Amino acid sequence: MVPGLLLVHHWLDEDGQRRLTADIDTAPWSSQLRRRVQHYGHRYDYGSRGVGDAPAPPLPGWAATLALRLHEDGHFDRPPDQVIVNEYLPGQGISAHVDHVPSFGPVVASVSLLSACAMEFTHPENKTRVPVRLEPGSLCVMTGPARFTWRHAIPARKSDLGPDGRVPRGRRVSVTLRTVVQKAAVSRACR
Ligand SMILES: O=C(O)CCC(=O)C(=O)O
Ligand SMILES: [Fe+2]
């Protein structure tokens with residue numbers, strides 16, 4: 001068990017998954033990173049590791065709808081205002097990390113689409129490793145230790161261990177919603 005990790009199966013039904021995937025696939029993708037990525041709201045800059053000062057453009061309708069539902073469901077105390085979409089082809093993953101603490105708030109929520117994968121949580125000190133299977137339509141919410149202490153990763157491989165043996169991965173798309181920590185709040189907290 002990873003404290004602060006909540007997994008909600010079937011958070012989006014099949015029709016909701018289909019519509020969300022279509023909205024995402026009709027938007028232009030950035031190809032500057034190894035995986036294809038889309039950013040909405042504040043753009044996270046991987047070079048300076050921050051979100052910059054420019055005002056954020058509003059979220060597109062589909063992302064605002066997800067953000068509102070997450071707020072109304074009680075996962076966020078205000079609707080999240082930053083969204084990152086990641087695409088993983090079979091064999092691709094994301095290395096172990098904690099989402100940038102100075103930039104993003106205490107809740108990170110991801111919706112999985114199209115294909116399941118195993119996300120791996122690792123405790124940085126005792127190295128406990130917890131694999132968590134993310135099915136299409138599921139919602140993964142990280143708060144507390146799951147958000148701030150444990151690392152999460154998706155191992156770069158072409159199949160995962162499922163309930164009945166190894167399951168080949170297909171194309172997976174995830175939508176991650178976060179709140180941006182306002183600069184003024186960061187500098188007050190650091191004083
Ligand atoms: O693809 C996912 O489910 C997780 C993505 C992630 O960890 C991130 O963008 O920080
Ligand atoms: Fe992350």
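Whatever order the structure lists ligands and atoms in, that order sets their numbers, starting from 1. The shown structure was predicted, so the numbers you read here are calculated from the model rather than taken from an experiment.
- Atoms of ligand 1 found under 4.0 Å from any heavy atom of Ile154 (numbered from 1 in listed order, with element): 1 (O), 2 (C).
- Neither the backbone nor the side chain of Val108 comes within 4.0 Å of ligand 1, counting heavy atoms alone.
- Side-chain contact check for Ser112 and Arg172: at least one donor-acceptor pair (N or O, by modelled atom type) lies under 3.5 Å.
- Remark: Glu135 engages Arg133 in a salt bridge, criterion side-chain N to carboxylate O under 4.0 Å.
- Of all protein atoms, those of element N, O or S that lie under 2.8 Å from the Fe ion (ligand 2) number 3.
- Listed by chain and number, the residues in a side chain to side chain donor-acceptor pair (under 3.5 Å) with Arg34 amount to none (sequence neighbours excluded).
- When each atom of ligand 1 is checked for a heavy atom of Asn86 under 4.0 Å away, the hits are 5 (C), 9 (O).
- Judged purely by atom type and a 3.5 angstrom limit, Asp73 has no side-chain atom pairing as donor or acceptor with the backbone of His75.
- Ion pairing of Arg166 with Asp160 is absent here, as no side-chain N (NZ or NE/NH1/NH2) approaches a carboxylate O to less than 4.0 Å.
- Ligand 1 places these atoms under 4.0 Å from at least one heavy atom of Asp99: 10 (O).
- Ligand-side atoms of ligand 1 in range of Tyr88: 1 (O), 2 (C), 4 (C), 5 (C), range being under 4.0 angstrom from any heavy atom.
- Of all the listed residues (Arg172, His152, His97), Arg172 holds the heavy atom that lies closest to atom 3 (O) of ligand 1.
- Note on Asp23 versus Arg18: no salt bridge recorded, every NZ/NE/NH1/NH2 to OD/OE distance being 4.0 Å or above.
- Of all atoms in ligand 1, listed by their number and element, those nearer than 4.0 Å to a heavy atom of Ser174 are 1 (O), 2 (C), 3 (O).
- In the model, Asp77 has no side-chain atom that pairs as donor or acceptor with a side-chain atom of His71 under 3.5 Å.
- Both tests do not hold together for Arg129 against Trp150: distance to the six-membered ring centre under 6.0 Å, angle to the ring axis within 45°.
- Screening Leu12, Leu66, Thr21 for a side-chain contact (heavy atoms from CB on, under 4.5 Å) involving Val175 leaves a single residue, Leu66.
- The residue among Glu87, Met119, Arg151 with a heavy atom at the shortest distance from atom 4 (C) of ligand 1 is Met119.
- For the 3.5 Å distance criterion, the side chains of Gln82 and Arg178 qualify, holding a donor opposite an acceptor.
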